[in-house]
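So the structure is just underneath, and the comments pick up after that.
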Amino acid sequence: PVLILLGPPGAGKGTQARMLEEKFGLVQLSTGDLLREAVAQGTEAGKAAKAVMEAGELVSDQIVIDILRDRLAQSDCQRGVILDGFPRTTVQAQALDKLLEESGQKIDAAISLDVDDAAMVTRISGRYTCAGCGEGYHDTFKQPATAGTCDKCQGTDFKRRADDNAETVASRLEAYHAQTAPLIDYYAKAGALSRIDAMGAIDSIAADLAAIVKTAT
Ligand code: AP5
Ligand code: ZN
């Protein structure tokens, strides 16, 4: 199956994608993670993306589509994928349709996580992740069971993202409304759209999502 999670920064795409990965044996494909890896490795794409990401703007369609295409071609993706943070523009959505068509696949569901902008700043500024396994946490909403120790890998090293500050969050929200929100309509017209109220608790959103995924796949 091919699932898409749509939603503004901080909506919980990454959190929910990881839970779906465990529940349904799918592969989470986050273009944000792939770009941060490229930046860390200093590849050509990473060099081009670094400043754009720090400003909270969208990286060029060509770079992102190339990265996504390469990742999608890897064998583990045959289990099915959850696209987290891709597509983010109409050009990317059209490129994805074409890629899937070429490999005889289709989008099973595009799920929009609907949230209020105001809450996103709180969610993002409290976010941190385990440096060892990438599990996501939040200062208020999701702390490890034992303070300072990751629930998943028992690691004790955590990190915060360079773009998780109030100014950059404002640009990221702006980019979402201008360039990504039109995709809600795009997938509604394609008959693939579901919407979830994502202002509630992580587990209740996960249950709503799981129900949609079960019906769609
Ligand atoms: P990306 O990494 O995709 O970031 P984003 O879209 O801004 O999304 P986030 O990762 O910030 O949020 P999320 O929805 O995953 O929320 P999370 O689950 O972590 O992109 C970063 C940058 O890369 C972009 O700005 C752009 O420059 C570039 N980029 C990436 N993809 C691109 C593309 N396709 N095209 C062009 N450029 C691209 O949750 C947030 C926090 O809230 C966590 O701490 C979590 O624990 C907590 N939380 C989650 N759910 C809840 C809940 N229900 N209640 C309370 N707290 C919650
Ligand atoms: Zn960990």
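Because the structure is a prediction, the values reported are computed rather than measured. Indexing begins at 1, ligand by ligand and atom by atom, following the structure's order. Residues take their numbers from the sequence shown, with the count starting at 1.
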In terms of atom number and element, which parts of ligand 1 are under 4.0 angstrom from non-hydrogen atoms of Val64?
-> 33 (C), 34 (N), 35 (N), 36 (C)

Applying a 4.0 Å heavy-atom criterion (strictly less than), which segment of Tyr137 is in contact with ligand 1: side chain, backbone, both, or neither?
-> backbone

Ala11 heavy atom under 4.0 Å from ligand 1 | yes

Charged N to carboxylate O under 4.0 angstrom, Glu44 versus Lys47?
-> yes

Check each atom of ligand 1 against the heavy atoms of Ile205 and keep those under 4.0 Å away; list them by number with element.
-> 53 (N)

Of all the atoms in ligand 1, which lie at a distance below 4.0 Å from a heavy atom belonging to Gly200?
-> 52 (C), 53 (N), 54 (N)

Answer with yes or no whether Gly10 contacts ligand 1, where contact means a heavy atom under 4.0 Å from a ligand atom.
-> yes

Could you tell me whether the side chain of Ile111 reaches within less than 4.5 Å of the side chain of Arg195, counting heavy atoms only?
-> no

Atom 7 (O) of ligand 1 [closest protein heavy-atom partner, distance rounded to 0.1 Å] = Arg172 NH2, 2.7 Å

Starting from atom 9 (P) of ligand 1, which protein heavy atom do you reach first, and at what distance in Å?
-> Arg127 NH1, 3.2 Å

Is it true that Lys13 and Asp84 have a side-chain N and a carboxylate O under 4.0 angstrom from each other?
-> no

Check Glu57 against ligand 1 and report side chain, backbone, both or neither, counting heavy atoms closer than 4.0 Å.
-> backbone

Option with minimal heavy-atom separation from atom 29 (N) of ligand 1, where the choices are Val59, Val115, Leu35, Thr168 | Leu35

Could you list the atoms of ligand 1 found under 4.0 angstrom from a heavy atom of Gly14?
-> 13 (P), 15 (O), 18 (O)

Option of least heavy-atom distance to atom 24 (C) of ligand 1 (set: Lys50, Arg88, Arg18) = Arg88

For ligand 1, note which part of Gln16 has a heavy atom under 4.0 Å away: side chain, backbone, both or neither.
-> neither

Does at least one non-hydrogen atom of Arg161 fall below 4.0 angstrom from an atom of ligand 1?
-> yes

Nearest heavy-atom pair of Ala93 and Leu183: which atoms, and what distance?
-> CB-CD2, 3.8 Å

Does the distance from a Lys or Arg side-chain N to an Asp or Glu carboxylate O, for Asp108 and Lys106, drop under 4.0 Å?
-> yes

